[in-house]
Structure formats: structure tokens, C-alpha cells
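Worksheet for the structure shown next.
The analysis underlying the following values was restricted to heavy atoms, covering all of them including side chains, and did not include hydrogens, waters or symmetry mates. These numbers were taken from a predicted model, which means no experiment stands behind them.
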Amino acid sequence: MQKLFIVCNFDYPYKYFKETIEQWVKEQADGIVIDYGLVKINDHKSHSFYTVSSLEEFAKMLDTYWAKEWDKANNCEDIVYKLELVG
């Protein structure tokens, strides 16, 4: 399992972002996203934490035509960090 931290900036209201992410995970992430949590920073920025079964499969989810078009239409930019335990 891999742990990820994602910083997301967007032009639309946070509520729309949250609803879209919940639908995206429900429809496309079965067996890939083990757990996730969203944190609202402001109405146009979110931090999220994901536990995924496969970094490669999660990257494929972010690289689909639907995801790319949705990001472009909503001026959404994701910065994905892989988290590792220190110590």
C-alpha cells in the first residue's frame, strides 16, 4: 500500500469538488483507493490523503480522458506527493 498527499487548486466551489471526488472514487477506484480524506483549505483549494493499493493504478486513474478533460474544464491542478514513514 502507498500513502499519498495531494494539493489541489481549482476555480469552482469546494462543494462541487468534494461531490465529484466522492463520485470518482465510488465509480473508478474499486480495489485501488483503500481510504481517503479531503480537507477544505478554502473554497478553491483542498488537501487530500489517499491510501492506495497501487501507485501505478492510481496514476492511471488520474490519466484517463475523463479526468484530464474535467481538470481542464475546471482549471484544476493536482500536485501529488508520495508519503513515506520517517524513522
Next item on the list: First locate atom CD1 of Ile32, then atom OH of Tyr50, and finally report the distance between them rounded to the nearest 0.5 Å.
Entry: 12.0 Å

Notebook entry, point to check: Is Trp66 reachable from Leu62 through a run of hydrophobic residues whose side-chain heavy atoms are each under 4.5 Å from the next?
Noted result: yes

Checklist line | Residues, nucleotides or ligands: over 12 heavy atoms within 6.0 Å of Lys40 NZ | finding: yes

Next item on the list: Could you tell me whether the side chain of Ser46 and the main chain of Val39 form a donor-acceptor pair under 3.5 Å?
Entry: yes

Check: Can you name the closest pair of heavy atoms from Met61 and Ala29 and give their distance?
Finding: CE-CB, 3.5 Å

Tabulate below the donor-acceptor pairs under 3.5 Å that side-chain atoms of residues 6-16 make, not counting sequence neighbours, or state none.
{"unit_1": "Asp11", "atom_1": "OD1", "unit_2": "Asn75", "atom_2": "ND2", "d": "3.4"}
{"unit_1": "Asp11", "atom_1": "OD2", "unit_2": "Asn75", "atom_2": "ND2", "d": "2.8"}
{"unit_1": "Tyr16", "atom_1": "OH", "unit_2": "Trp70", "atom_2": "NE1", "d": "3.4"}

Next item on the list: Report the distance from atom CD of Glu69 to atom CG of Asn74, rounding to the nearest 0.5 Å.
Entry: 11.0 Å

Next item on the list: Decide side-chain contact (heavy atoms from CB on, under 4.5 Å) for Lys45 and Phe17; before the verdict, give the C-alpha distance in whole Å, the side-chain angles of both, and the deciding distance to 0.1 Å.
Entry: CA-CA 9 Å; Lys45 186 173 192 170; Phe17 169 78; over 6 Å; no

Check: Does the side-chain contact (heavy atoms from CB on, under 4.5 Å) test come out yes or no for Leu55 and Leu4, once each step is laid out?
Finding: CA-CA 9 Å; Leu55 188 55; Leu4 305 174; 3.6 Å; yes

Notebook entry, point to check: Quick one: are Lys68 and Asp63 in side-chain contact, heavy atoms under 4.5 Å?
Noted result: yes

Next item on the list: Enumerate the residue pairs fulfilling salt bridge (charged side-chain N to carboxylate O under 4.0 Å, His left out) with a member in residues 27-36, sequence neighbours excluded, ordered by first and then second residue.
Entry: none

Check: Does Lys60 pair with Glu56 as a salt bridge, N-O distance under 4.0 Å?
Finding: no

Output a table of donor-acceptor pairs, distance under 3.5 Å, between side-chain atoms of residues 78-87 and any protein atom two or more places apart or on a different chain; print 'none' if there are none.
{"unit_1": "Lys82", "atom_1": "NZ", "unit_2": "Gln2", "atom_2": "OE1", "d": "3.3"}

Notebook entry, point to check: Rounded to the nearest 0.5 Å, how far does NE2 of His47 lie from CG of Leu38?
Noted result: 11.5 Å

Margin query: Donor-acceptor check, side chain of Thr51 to backbone of Ile34, threshold 3.5 angstrom: yes or no?
Written below: no

